[in-house]
S.K.: 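Please read through the structure below; I'll follow up with questions.
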Amino acid sequence: MVSQIDEARPKAVAHDRYKWIALSNTTLGMLMATINSSIILIALPDIFRGIKLTPLTPGNTSYLLWMLMGFMVCTAVLLVSFGRIGDMYGRVKMYTLGFAVFSAFSVLLSVSWLHGSSGALWLIFMRVGQGVGGAMVFANAAPILTDAFPPEQRGLALGINSVAAIAGSFIGLVLGGLLAPVEWHLVFLVSVPVGVLGTIWARLKLREVGTRHAAKIDWWGNLTFAAGLVLVLVGITYGIIPYGHSTMGWANPRVDAALAGGVALLAAFVLIERRVASPMFNLSLFRIRAFAYGNLATLLAAIGRGGLMFILIIWLQGVWLPQHGFSFANTPLWAGIYMLPLTAGFLIAGPAAGFLSDRFGARPFASGGMVVCALSFGLLELLPVDFSYLAFGLLLLLMGLGMGVFSSPNLAGVMNSLPPDRRGVGAGMLTTFQNSSMVLSIGVFFTLIILGLASTLPHSLQSGLAAQGVPRVDAARAAALPPVASLFAAFLGYNPIRTLLGPAIARVPAAKVRYLTGRSFFPKLISGPFHHGLAEAFTFALVACLVAAGASWLRGGKYHHGDEAAPSRAARAGMPRGALDARVAAGDGAVRTADVDAHAAAASDA
């Protein structure tokens with residue numbers, strides 16, 4: 001009897017050590033993937049200069065959009081499929097393969113030698129390849145952690161993992177601003193050694209401890225879901241681009257056709273999933289209350305805050321930083337630095353909220369976090385365009401705290417609700433809702449901002465340029481350009497007025513040119529129209545966050561899948577030694593080292 005207990009204890013200790021290995025490796029994977037998803041935002045001006053392409057030329061705008069959105073669209077489309085395949089063939093295998101694929105495409109990005117449109121297409125396709133690897137990592141990281149950690153520690157583990165994901169998004173902004181001016185290839189090369197290390201580490205140290213579910217691949221489900229979601233996301237992306245005489249592309253027949261076709265294919269996908277024996281997107285999981293409302297809260301939260309980073313960057317780069325002494329060329333780096341309080345809030349709240357949700361359940365924290373986010377959006381709406389940074393920084397910190405309090409408990413609550421053999425597909429479904437909603441959020445935020453600008457900016461721009469000596473024909477031509485051109489110019493760190501006037505600036509007196517292209521003319525001109533659109537966007541986000549808080553509350557109290565079937569401590573104490581040893585060796589979260597020790601003490605007393 002004692003020898004059996006002695007044999008079981010090292011196995012339990014080894015599993016206890018393994019869970020921290022799993023946490024550190026998956027955290028590295030999430031950090032790498034999210035840094036690379038955002039590093040390009042700040043590095044785009046240097047990248048386009050490096051490949052000798054002007055992104056704001058009307059024919060080149062699509063290159064700009066796909067450089068921004070390609071990675072996100074690809075991951076959103078593939079997450080569920082890779083999560084499902086991980087459930088069938090092994091989550092660690094899919095995760096390790098994702099690390100390797102991501103690293104390989106990072107190498108291909110860093111050795112790009114092409115220029116012009118060929119260079120842009122190479123970068124876009126390689127970014128999509130990175131997205132394939134990123135989807136494998138995103139879809140399987142949370143299930144690996146859920147398999148490795150017992151229920152009472154999953155909130156903390158997933159909280160740390162979520163912090164790495166959010167922190168990576170903002171670290172990428174600063175890192176891109178630092179590396180791109182030195183050499184734009186470094187933006188992609190920096191992830192290669194991390195990816196190679198992570199791949200080798202995962203191959204050697206991670207192991208399959210989860211439950212596999214043998215099944216056939218649902219090819220029709222995969223195809224209709226991928227095609228439908230791609231069409232919807234492409235339609236949203238091109239809806240931002242002006243069409244004809246319209247300031248946006250929502251009247252473009254191709255956009256309407258893409259959206260309608262995408263919705264029709266997704267409807268067909270639902271019908272297919274209800275009839276196949278082994279569906280990719282397991283609709284029966286939505287019968288689990290905690291899973292259904294946790295996913296709904298994730299979707300609404302992502303819609304509310306998905307476009308926030310883009311709007312804050314434009315606000316800082318196009319308006320606030322130039323007014324406070326920063327040249328347009330230097331604004332991308334400083335925008336990333338000035339947004340760090342958002343990351344700090346998440347770093348503080350994420351692990352703490354995850355730890356507390358292990359004890360008290362996800363509902364009070366996830367709902368409370370969304371209420372805090374809604375409050376933050378309301379207070380941001382009250383700020384003037386030329387704000388005091390102390391107030392702005394504190395509101396970003398509050399927003400980060402709210403995001404952290406929501407994200408970690410919500411993720412833990414969803415993962416805890418899933419059957420062990422459905423964790424991969426469940427995590428994929430959750431992340432698909434999140435990433436797809438972020439693309440939708442970006443489209444909504446840009447639409448509201450552009451509508452606000454379109455109402456007053458053209459008149460203000462034409463009269464302001466004419467007053468500074470710009471010929472009326474040139475002023476009228478610049479004012480007639482879609483407002484999105486001004487937004488993208490500010491986003492890229494270009495001088496908006498110099499970009500709008502183009503060659504016509506040579507016909508303006510030199511003294512006037514210095515003022516027009518200086519740090520005050522454009523920010524003052526755009527402040528009023530921009531604030532109007534900003535208020536609309538923040539109101540939309542506030543409402544979305546409040547609805548997300550309500551959805552989160554409906555998830556119910558603390559719940560772990562199989563709670564009703566889990567053996568009590570008393571029952572575990574009376575388990576046969578063989579059954580206890582087997583469950584410990586398998587890493588069963590319901591049976592821990594403490595149970596072995598308690599059994600040993602009971603045996604000793606006997």
S.K.: Any idea which heavy atoms bring V192 and S106 closest together, and the distance?
M.R.: CG2-CB, 3.8 Å

S.K.: Are the side chain of S441 and the backbone of I303 linked by a donor-acceptor contact shorter than 3.5 Å?
M.R.: yes

S.K.: As an exercise, state the distance from CG of N295 to CD1 of I288, rounded to the nearest 0.5 Å.
M.R.: 10.5 Å

S.K.: Would you please test L123 and F188 for side chain to side chain contact (heavy atoms under 4.5 Å, CB included) and show each step?
M.R.: CA-CA 10 Å; L123 294 177; F188 304 113; 4.3 Å; yes

S.K.: Say whether, by atom type as modelled, one donor and one acceptor occur between the side chain of T75 and the main chain of M72 under 3.5 angstrom.
M.R.: yes

S.K.: So, is the end of the R127 side chain (NZ or CZ) under 6.0 Å from the ring centre of F105 and within 45° of the ring's axis?
M.R.: no

S.K.: Going by side chain to side chain donor-acceptor pair (under 3.5 Å), name the pairs with one or both residues in residues 344-369, residues two or more places apart or in two chains.
M.R.: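 Side chain to side chain donor-acceptor pair (under 3.5 Å) check on residues 344-369 returns S367-S552.
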
S.K.: Counting only heavy atoms not in W66, do more than 12 sit closer than 6.0 Å to its CH2 atom?
M.R.: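 Atom CH2 in W66 is crowded, with more than 12 foreign heavy atoms closer than 6.0 Å.
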
S.K.: Near W220 CH2, under 6.0 Å, is it more than 12 heavy atoms from other residues, nucleotides or ligands?
M.R.: no

S.K.: For the backbone of A302 and the side chain of S437, can you confirm whether one donor and one acceptor N or O come within less than 3.5 Å of each other?
M.R.: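 No, the answer is negative, given that no donor and acceptor are paired below the 3.5 Å cut-off.
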
S.K.: Quick one: CE on M126 to CG on L108, what's the gap to the nearest 0.5 Å?
M.R.: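 Taking CE in M126 and CG in L108, the distance rounds to 6.0 Å.
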
S.K.: Inspect the surroundings of OH in Y293 and state if more than 12 heavy atoms from other residues, nucleotides or ligands are less than 6.0 Å away.
M.R.: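 No, not enclosed.
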
S.K.: For a quick test of reading the model, state the closest non-hydrogen atom pair linking L23 to L145 and the distance between them.
M.R.: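 Minimum heavy-atom contact is CA-CD2, 3.4 Å.
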
S.K.: Where does the angle between the aromatic ring planes of F360 and F365 fall among parallel (under 30°), tilted (30 to 60°) and perpendicular (over 60°)?
M.R.: tilted

S.K.: Do the side chain of S24 and the main chain of I21 share a donor and acceptor less than 3.5 angstrom apart?
M.R.: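 Pair found, side chain donor or acceptor close to backbone of I21.
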
S.K.: Crowded around R203 CZ? As in, over 12 foreign heavy atoms under 6.0 Å?
M.R.: no

S.K.: Could you go through the side chain to side chain contact (heavy atoms under 4.5 Å, CB included) check for L44 and L68 one step at a time?
M.R.: CA-CA 9 Å; L44 277 174; L68 287 171; 3.4 Å; yes

S.K.: Rounded to the nearest 0.5 Å, how far does OG of S81 lie from CE of M136?
M.R.: 10.5 Å

S.K.: Are the side chains of M88 and M94 in contact, using a 4.5 Å heavy-atom criterion?
M.R.: no

S.K.: Within the structure provided, determine whether S103 and T199 are in side-chain contact (heavy-atom separation under 4.5 Å).
M.R.: yes

S.K.: To check you understand the geometry: which heavy-atom pair defines the closest contact between R207 and V92, and what is its length?
M.R.: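 Closest approach of R207 to V92: O-CG2, 3.4 Å.
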
S.K.: Find out whether F225 and T432 are in side-chain contact, i.e. whether some heavy atom of one side chain is under 4.5 Å from a heavy atom of the other.
M.R.: yes

S.K.: Which residue pairs pass the side chain to side chain donor-acceptor pair (under 3.5 Å) test with at least one member in residues 172-188, sequence neighbours excluded?
M.R.: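 The answer is E183-H185.
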
S.K.: Step by step, would you call V132 with C74 a side chain to side chain contact (heavy atoms under 4.5 Å, CB included)?
M.R.: CA-CA 7 Å; V132 174; C74 180; 3.8 Å; yes

S.K.: Does the side chain of Q153 come within less than 4.5 Å of K19's, by heavy atoms?
M.R.: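 Yes, at least one pair of side-chain atoms sits under 4.5 Å.
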
S.K.: Which heavy atom of L285 sits nearest a heavy atom of P419, and at what distance?
M.R.: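 Reported closest heavy-atom pair: CD2-CD, 4.1 Å.
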
S.K.: Once rounded to the nearest 0.5 Å, what's the spacing between atom CG of L175 and atom CG of L186?
M.R.: 9.5 Å

S.K.: Is there side-chain contact between I39 and V190, with heavy atoms separated by less than 4.5 Å?
M.R.: yes

S.K.: Is the side chain of S110 donor-acceptor paired with the backbone N or O of V107 at a distance under 3.5 Å, no angle test?
M.R.: yes

S.K.: Keeping the roles fixed (side chain from R154, backbone from A412), state whether a donor-acceptor pair exists under 3.5 Å.
M.R.: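 Pair absent, no side-chain N/O of R154 close to backbone of A412.
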
S.K.: Using 0.5 Å steps for rounding, measure from the CG atom of D147 to the CD atom of E208.
M.R.: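 Going from CG on D147 over to CD on E208, the span is 8.5 Å.
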
S.K.: Looking at every heavy atom in both G402 and C373, which two are closest together, and how far apart are they?
M.R.: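 In terms of heavy atoms, the two residues are closest at C-SG, 3.6 Å.
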
S.K.: Answer whether the closest heavy-atom distance between the side chains of N36 and F102 falls below 4.5 Å.
M.R.: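 Yes, side chains in contact.
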
S.K.: Could you check whether any side-chain heavy atom of V270 comes within less than 4.5 Å of a side-chain heavy atom of E273, counting everything from C-beta outward?
M.R.: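 Contact flag for V270/E273 side chains = no.
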
S.K.: Decide yes or no for F433 and V80: does some side-chain heavy atom of the first lie under 4.5 Å from some side-chain heavy atom of the second?
M.R.: no

S.K.: Identify, with sequence neighbours excluded, every residue that meets ring pair (Phe, Tyr, Trp, His ring centres under 6.0 Å) alongside W219.
M.R.: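 Here no residue qualifies.
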
S.K.: Could you tell me which non-hydrogen atom of L430 sits nearest to which non-hydrogen atom of G294, and how far apart they are?
M.R.: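 Between these two residues, the closest heavy atoms are CD1-O, 4.3 Å.
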
S.K.: Does F125 have more than 12 heavy atoms from other residues, nucleotides or ligands lying within 6.0 Å of its CZ?
M.R.: no

S.K.: For F286 and F291, I'd like to know if the aromatic rings sit close, meaning centre-to-centre distance below 6.0 Å.
M.R.: yes

S.K.: About how many Å separate CZ of F138 and OG1 of T26, when rounded to the nearest 0.5 Å?
M.R.: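 So the OG1 of T26 and the CZ of F138 are separated by 12.0 Å.
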
